[in-house]
Amino acid sequence: MSAHICGDYKTTYKEDMVLFQTTFSKFWIIAFIIALYAIPLLLGNYTLYVGNLICIAIIGAMGISILTGFTGQISLGHGAFIGIGAYASGYLTMKLGFPFIVALPCAGLITALFGMIFGIPSLRLKGLYLAIATLAAQFIIEYLMVHMEFITNGVLGMMIDPPSIFGFSFDTDLKYFYLTASVAVLATLYAKNIVRTRPGRAFIAIRDRYISAEVMGVNLFKYKLMAFGISSFLAGVAGCLWAHYVTIITPEHFTIGVSIEYLAMIIIGGLGHVIGAIFGAIFMVLLPEVLRFLSEVLSGQFPMIVNIFAALKQVVFGAIIIGFLVYEPDGLAHRWQMIKAYWKLWPFSY
Amino acid sequence: MEFFLQLVVSGIVVGSIYALVALGFVLIYKATGVINFAQGEFLMVGAYICLGMVTTLHIPFWIAFFLTMAVTVVLGLIIEKVALRPMIGEPIISIIMLTIGLSSVLKGAVQVFWGPNNRVYPQIFSQVPLHIGPVVVSQVYLWSVGFAFLFLLLFTLFFRFSPSGIAMRAVADDQQAALSMGISVKKVFAMAWCIAFLVAGVGGVFLGNINGVNISLGFFGLKVFPAVILGGLDSIPGAILGGLIIGVLEALTGGYIDPIIGGGTAEVAPFVVLVIILMIKPYGFFGTEEIEKV
């Protein structure tokens, strides 16, 4: 065990890449996971509802974090990919009668396939051009969702039952929370793990200097497509869980606004940090809830605030993104590291 | 045939406004290297400001029109100063996200002031349509095409001959060299945002006169992407040509394909074209090809 007296002391590369850096952090992570499963028993339905949304957002944010944060490929089509996962799972379970446990990975795989198709232009396009290409993907997929009525039921929406696994039905917020939290933990572990393997290092190399990466033998096409695939797989899983949670989905749920929200999550959380995606997801889900709460409190004095709530929400949303980019460009993950570093040396932080 | 010509005319009208918005977009991209996702919101803000002056303050339309131009220039200055200046040197994704945040703020602010309902300009242009050959054109269409081309011409001349315009082109070409020649890059950046806001605002006023003013005007900005990619991201003639082509394409798909397979095709057709162009000719008609050297 490396002691935490003043920084980390490591002698091998392997030691540096260990998932749990110290026994101390291992202890806290395990304690956190136990708390994650124990505390919900005490919570009310509204808190659990928010918790479910957070867990689903974390899964989606992990996906875009791998693609945009680690591989540097900007995607403005994440919302549409989440939609593909939602519709795929809905179609598989409701029309074809697949069990949920099969439909969940299938939804992910179908979305991964779509993601890889739209990822093909990424070999030729970079930065701005790729952003615009994925924007086009967003609109085309949205159009298909509205018009392929034999699958999606168009603007009327698709009804989906709550899932059940081996006869156990996840029909309450509490039960569902265990499902979403478990998948979120798995997704986080997966993301944390992949960035320390060969593909993960290849992703980061592509992000930082793709020409050097190619010179060093990283197959750009393969790894870019892989990043698109993994990212869309997680988006599909998030979409599937979301669809089965809200039980009715329409194309309006998967607009460009959703894509932007997910991008905002990883930027506010901090690009290129796995934990940043978690912070960002929590932040972006809580933001509208906090604003709603505030508007209810303030509506006593200012009754007109209810009418302009949606508009105010948009202003605050935009202002927060701008504020973060201008004042805290490294996001919440960086702030978190500063706090940790402060306490590591406390009270002798000279 | 008449139907076809009618569609082409309305496509050119909308396309000329696309071209105006695309001009501002290309300008910002050329001079500052920023892709502006808030261009459509600039258009919307311009439309609302002019509408507010005409309906609430009862200022005659033409005075309000010129006042709107002044206000949009000031807004452009403020936005550049507050939001964009600190972002110089940040990665592309941050800057893209910043303009997305900006668009959200503008959209929300407009709704706070004017509410979400559709509003219309009072009658300004004569309702009597003009007959040009077999095609019927309403006067507001002619006015907006006229103004769009006037502005496009003015700015083309501005870039070609005026010292400021030449300075802007110099900065777009090579910031370092421009700086060492005594050009203030800051001033040029500010000017780019002002002009972009101004031309978008003008487009917004005319579009508002044609279709009414509501929050969905902001989506106009997204249509500009196919136009600028088609023309080449950093080419002003390309923006104009691309805008016109996309406008006509949209009108034609709306007129011929929508009745067959249901609405919404006109909205998505430009993006299908966009994907095809990106696949076969990513730098558009006149765009500069980026050649990478190790």
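In the text below, chain A, chain B and the rest are named by the order of the sequence lines, each starting its count at 1.
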Exercise for review: For atom CZ of B:Arg85, decide whether the heavy atoms of other residues, nucleotides or ligands shown that lie under 6.0 angstrom number more than 12.
Suggested key: yes
Practice item. Start with the C-alpha distance between B:Ile35 and A:Ile132, add both sets of side-chain angles, then the distance that settles side-chain contact (heavy atoms from CB on, under 4.5 Å), and finish with yes or no. Key: CA-CA 10 Å; B:Ile35 246 187; A:Ile132 295 173; 3.7 Å; yes
Point to revise | Exceeds 12 heavy-atom contacts within 6.0 angstrom, atom CH2 of B:Trp114 | key: yes
**Study point:** Which portion of A:Ala133 sits near chain B, non-hydrogen atoms under 4.5 angstrom
**Key:** both
Review point. Going through the distances and angles, do B:Thr265 and A:Tyr143 end up as a side-chain contact (heavy atoms from CB on, under 4.5 Å)?
Key: CA-CA 8 Å; B:Thr265 324; A:Tyr143 175 82; 3.4 Å; yes
Practice item. Can you tell which part of B:Ile96 gets under 4.5 Å to a heavy atom of chain A, answering side chain, backbone, both or neither? Key: side chain
Revision key, fill the gap. In terms of heavy-atom contacts, B:Leu274 and A:Ala136 come closest through CD2-CB, 3.7 Å
Point to revise | Within 6.0 Å of CZ in A:Phe114, more than 12 heavy atoms from elsewhere | key: no
Review point. Between B:Leu98 and chain A, which part of the residue has a heavy atom less than 4.5 Å away: side chain, backbone, both or neither?
Key: both
Exercise for review: Might you point out which heavy atoms bring B:Ala83 and A:Ile322 nearest each other, and give the distance in Å?
Suggested key: CB-CG2, 4.3 Å
Check your understanding: Hey, does the side chain of B:Ser104 reach the backbone of A:Phe317 with a donor-acceptor pair shorter than 3.5 angstrom?
Key -> no
Check your understanding: Is chain B contacted by the side chain of A:Ile74, its backbone, both, or neither, given a heavy-atom distance below 4.5 Å?
Key -> side chain
Study note, to complete from the structure: Taking a cut-off of under 4.5 angstrom between non-hydrogen atoms, the residues of residues 249-273 of chain A near chain B are A:Ile260, A:Leu263, A:Ala264, A:Ile267, A:Leu271
Point to revise | Under 4.5 Å from any heavy atom of chain B - which part of A:Ser212 | key: neither
**Study point:** Distance, nearest 0.5 Å, that separates CD1 of A:Ile321 from CE of B:Met97
**Key:** 4.0 Å
Check your understanding: Which of residues 221-230 of chain B get closer than 4.5 angstrom to chain A, counting heavy atoms alone?
Key -> B:Leu222, B:Phe225, B:Ile229
Review point. Can A:Phe139 and B:Val272 be said to form a side-chain contact (heavy atoms from CB on, under 4.5 Å), step by step?
Key: CA-CA 9 Å; A:Phe139 283 110; B:Val272 177; over 6 Å; no
Check your understanding: At a heavy-atom separation under 4.5 Å, does B:Met87 approach chain A through its side chain, its backbone, both, or neither?
Key -> side chain
Practice item. Nearest 0.5 Å please: distance from the CD atom of B:Glu267 over to the CD atom of A:Glu142. Key: 11.0 Å
Exercise for review: May I ask you to check whether over 12 heavy atoms, not counting those of B:Phe113, lie within 6.0 Å of atom CZ?
Suggested key: no
Revision key, fill the gap. Applying a strict 4.5 Å limit to non-hydrogen atoms, the region of B:Leu102 in contact with chain A is both
Revision key, fill the gap. Whatever's closer than 4.5 Å to a heavy atom in chain B on A:Leu76 counts as side chain
Check your understanding: Can you name the nearest heavy-atom pair linking A:Val315 to B:Gly108, along with the distance?
Key -> CG2-C, 3.4 Å
